[in-house]
Amino acid sequence: MRTREFKHENEPEVKSHSSVFVMCFLCVFLCAAALGTLRLYGLYLEHRISETASRIEVCREKNLHMTKRYSELLSPARIYSHAREDLGMINAENIRVVKLDVSSVMVAQAAVTPQEVQRASFFAQINPFVRTAHAND
């Protein structure tokens with residue numbers, strides 16, 4: 001009978017040891033899962049950083065190319081050759097400077113009177129943009 005008592009007494013201790021072991025195993029498993037998740041998130045962030053760095057490098061190259069192209073377009077030699085070859089412009093020979101005093105400009109402005117506005121169609125009276133500018137103004 002004593003053997004049964006000892007078995008009976010020892011059973012709760014075995015259960016307490018096994019439950020502590022299970023709790024420790026679960027805690028270790030959760031910590032490992034958390035560390036794995038953090039590592040995967042770190043890899044994801046590293047990938048995003050490398051993508052952003054590559055996009056920045058592409059934009060720098062594009063900016064360098066556009067700056068070079070801009071300076072080429074603004075060079076005086078290019079503008080002069082374009083005006084001469086494509087537009088057919090030539091150097092002027094007789095350049096005259098006419099100086100006007102302010103009083104003659106004021107007299108000329110006062111002498112100019114706008115033409116009378118002709119009677120327009122119904123659509124022209126409704127549309128506010130038609131009355132603002134005309135080709136012969």
Does the side chain of Glu51 come under 3.5 Å of the side chain of His47 through a donor N or O and an acceptor N or O?
yes
Starting at CG of Leu45, measure out to CG of Leu38 and round the result to the nearest 0.5 Å.
10.5 Å
Closest heavy-atom pair, Ile79 versus Leu74, reported as atoms and distance to 0.1 Å, is CD1-O, 3.8 Å
For the atom pair CD1 (Ile49) and OH (Tyr44), what is the distance rounded to the nearest 0.5 Å?
11.0 Å
Using 0.5 Å steps for rounding, measure from the CG atom of Leu87 to the OG atom of Ser81.
10.0 Å
CZ-OG1 distance between Arg60 and Thr67, expressed to the nearest 0.5 angstrom:
13.0 Å
For the atom pair OH (Tyr41) and CD (Glu46), what is the distance rounded to the nearest 0.5 Å?
13.5 Å
Connected hydrophobic set around Ile90, excluding itself, where side chains approach under 4.5 Å:
none
If you look at every heavy atom in Glu72 and Arg78, which pair is closest and at what distance?
O-CD, 3.2 Å
Nearest 0.5 Å, what's the CE-OG distance between Met23 and Ser18?
12.0 Å
